[in-house]
Amino acid sequence: MKNVLNLRPQLNHMIILNGSKSQSLGEKIAMDLGLKFENVSTRIFPDGETYIRIEADVKARDAVIVQTMFPNQNDSLIEFLLIAGTLKDMGVDKIIAVVPYLAYSRQDRRFQIGESLSIKTVTELMKSVGVEELVTIDTHYQHVEPGRFHLFNIPCTNLSAGRLLLDHIQEKINDGFMTIGPDLGSSEMVKYATGEERVLKKEKKCPICGKPAQECKCRITKKKYEITEVESELDFSGKNVVILDDIIASGGTMIKAVKKVKSEGANKVIATATHGLFMKDSLIRLKEITDYLVVTDTISTPVSNVSVAPLIVETLKNI
Ligand code: R5P
């Protein structure tokens with residue numbers, strides 16, 4: 001995978017600025033690079049508006065903003081835009097956005113007429129405040145492979161944390177395991193981390209004609225298809241199984257996969273993902289039904305035991 005950012009070669013020309021959502025990750029990145037980091041002062045006015053202030057001397061520097069976009073995606077995004085816009089006004093040379101969890105990347109197409117292509121608008125906003133490079137991790141955007149691509153008009157590096165998570169699990173359980181994805185959406189990530197595309201498959205059937213979605217000619221929206229598990233040809237009995245995904249949001253996908261693998265006789269079941277959103281009680285439920293649960297620090301959670309800092313540092317170094 002190419003990690004090459006289009007940056008000027010002097011690392012010491014860089015300054016790391018941490019938004020309020022990624023202070024400890026930003027600090028790790030700066031320390032590993034041997035650079036000074038600056039926390040941006042932020043607060044919320046009583047009426048809900050965001051205030052930011054940058055006290056560092058940033059003129060003619062390459063500014064790296066580290067700001068993940070969860071929780072409170074909208075506030076995190078506005079804070080990010082205010083920071084970038086201010087840096088631009090203060091005369092930085094270049095703005096590089098490190099956004100470990102890129103909010104709105106799940107709305108990456110118009111699933112129905114009239115919907116917003118949210119990630120496009122978010123990217124355009126970033127461009128308008130001077131962002132020239134974006135670094136993110138396992139973005140959900142069209143399940144793009146790890147590597148360089150253009151997210152609309154911003155050059156973007158999409159990193160993958162799968163290998164880091166599996167190495168951590170290997171150390172933790174000190175035993176062999178097989179890795180699978182909980183659904184088709186995770187296949188790129190699983191393939192990139194393991195070289196094999198092992199996922200639990202589901203079938204979408206039309207409730208009117210009973211045919212699989214790809215053969216159905218009835219005019220119904222994709223959300224109305226009945227989704228059923230397809231009998232898996234994988235043999236889990238007596239094996240340690242790691243279920244790897246990009247996101248645990250409501251937890252529904254992961255919980256179902258854990259239950260299925262267990263019911264088919266797996267020994268230890270480990271659930272892991274890059275981004276742990278853990279909505280409602282999904283963190284507690286997953287802890288109860290797994291032997292180990294781990295996510296990265298793209299979002300700070302009680303089980304964020306793997307840091308993505310080394311991935312980001314290598315990317316920023318390889319200039
Ligand atoms: C789907 O394609 C993704 O890879 C995740 O499996 C999904 O977004 C997880 O969402 P939830 O936790 O709400 O089931």
Side-chain angles (χ1 to χ4, degrees), residues 68-71 73 99-112 115 117-119 122 136-146 158-166 179-194 196-204 213-214 221-223 225-230 232 234 241-262 269-290 292-296 298-304 306 308:
T68 209
M69 290 187 182
F70 190 87
Q73 295 89 321
V99 184
Y101 176 71
L102 183 59
Y104 290 103
S105 57
R106 293 209 275 181
Q107 188 67 26
D108 56 0
R109 64 196 82 174
R110 296 185 209 279
F111 299 97
Q112 299 190 66
E115 286 182 349
L117 185 48
S118 309
I119 189 60
V122 167
T136 188
I137 323 264
D138 289 314
T139 176
H140 199 275
Y141 174 75
Q142 297 191 355
H143 292 293
V144 285
E145 287 174 30
N158 181 36
L159 302 166
S160 185
R163 202 56 258 166
L164 278 183
L165 286 162
L166 296 183
T179 305
I180 63 159
D183 62 12
L184 270 179
S186 54
S187 56
E188 275 306 333
M189 184 176 180
V190 173
K191 195 168 145 203
Y192 189 74
T194 66
E196 290 174 286
E197 216 175 322
R198 269 192 296 246
V199 295
L200 295 178
K201 294 194 180 115
K202 287 177 189 150
E203 191 175 58
K204 285 181 195 160
Q214 58 275 23
T221 62
K222 68 180 216 128
K223 293 220 159 115
Y225 284 111
E226 284 165 357
I227 299 176
T228 48
E229 297 269 346
V230 172
S232 136
L234 301 167
V241 181
V242 174
I243 308 173
L244 172 69
D245 206 351
D246 57 346
I247 305 178
I248 299 175
S250 69
T253 307
M254 190 58 92
I255 290 170
K256 259 194 213 149
V258 170
K259 286 185 175 166
K260 182 174 171 64
V261 168
K262 279 181 126 179
V269 181
I270 294 109
T272 189
T274 305
H275 313 292
L277 276 65
F278 294 124
M279 281 137 60
K280 297 196 180 146
D281 60 351
S282 56
L283 175 59
I284 300 168
R285 288 181 67 197
L286 275 166
K287 272 183 129 178
E288 278 168 4
I289 60 170
T290 54
Y292 187 52
L293 171 66
V294 63
V295 295
T296 74
T298 59
I299 294 165
S300 176
T301 80
V303 291
S304 294
V306 170
V308 292

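In each ligand, atom 1 is the first atom listed, and ligand 1 is the first ligand listed. Computed from a prediction, not measured in an experiment: that's the story for all the values here.
Taking every heavy atom of Gly251 and a limit of under 4.0 angstrom, the matching atoms of ligand 1 come to 11 (P), 12 (O), 13 (O). Ligand-side atoms of ligand 1 in range of His143: 2 (O), range being under 4.0 angstrom from any heavy atom. Those atoms of ligand 1 that come under 4.0 Å of a heavy atom in Asp246, given as number and element, are 3 (C), 4 (O), 5 (C). Of all the atoms in ligand 1, the ones that sit under 4.0 Å from a non-hydrogen atom of Thr253 are 6 (O), 9 (C), 10 (O), 11 (P), 14 (O). Residue Gly185 approaches ligand 1 through these ligand atoms, each under 4.0 Å from one of its heavy atoms: 2 (O). Atoms of ligand 1 lying under 4.0 Å from any heavy atom of Gly252, numbered from 1 in the order shown and given with element: 12 (O), 14 (O). Contact atoms of ligand 1 toward Ile247: 5 (C), 9 (C) (distance under 4.0 Å to a heavy atom of the residue).
Residue-level proximity to ligand 1 for Leu184 is absent, since no heavy atom of it falls below 4.0 angstrom. Contacts of Met254 with ligand 1, taken as heavy-atom pairs under 4.0 Å, are absent altogether.
Nearest heavy-atom pair, Glu188 versus His143, reported as atom, atom and distance to 0.1 Å: CG-O, 3.6 Å. Summarising the geometry of Thr296 relative to Ala161, their closest heavy-atom pair is CG2-CB, 3.8 Å, with the distance given to 0.1 Å. Counting all heavy atoms, side chain and backbone alike, Phe278 lies closest to Leu286 at CE2-CD1, 4.1 Å.
Ranking protein heavy atoms by distance to atom 8 (O) of ligand 1, first place goes to Arg106 NH1, 2.9 Å. Closest protein heavy atom to atom 13 (O) of ligand 1: Ser250 OG, 2.6 Å. From the protein, the heavy atom lying nearest to atom 2 (O) of ligand 1 is His140 NE2, 3.4 Å.
In summary, the side chains of Ser160 and Asp138 do present a donor paired with an acceptor at a separation below 3.5 Å, with no hydrogens or angles considered.
Val261 has its side chain within reach of Ile180: a pair of non-hydrogen atoms, C-beta onward, lies under 4.5 Å apart. Considering only heavy atoms from C-beta on, Met189 comes within 4.5 Å of Thr274 through its side chain.
Remark: distances from the non-hydrogen atoms of Met189 to ligand 1 are all 4.0 Å or more.
Between the CD atom in Glu197 and the OG atom in Ser187 there is a gap of 4.5 Å [rounded to 0.5 Å].
The number of heavy-atom neighbours closer than 6.0 Å to CD of Gln142, taken from other residues, nucleotides and ligands shown, is above 12. Heavy atoms of other residues, nucleotides or ligands lying less than 6.0 angstrom from CZ of Arg198 number more than 12. Annotation: Lys191, atom NZ; neighbour count of heavy atoms from other residues, nucleotides and ligands within 6.0 Å does not exceed 12.
Of the polar atoms of Asp245, at least one N or O is found under 3.5 Å from an N or O of ligand 1, judged by distance alone. Checked against a 3.5 angstrom limit, the closest N/O atoms of Ile248 and ligand 1 fall outside it.
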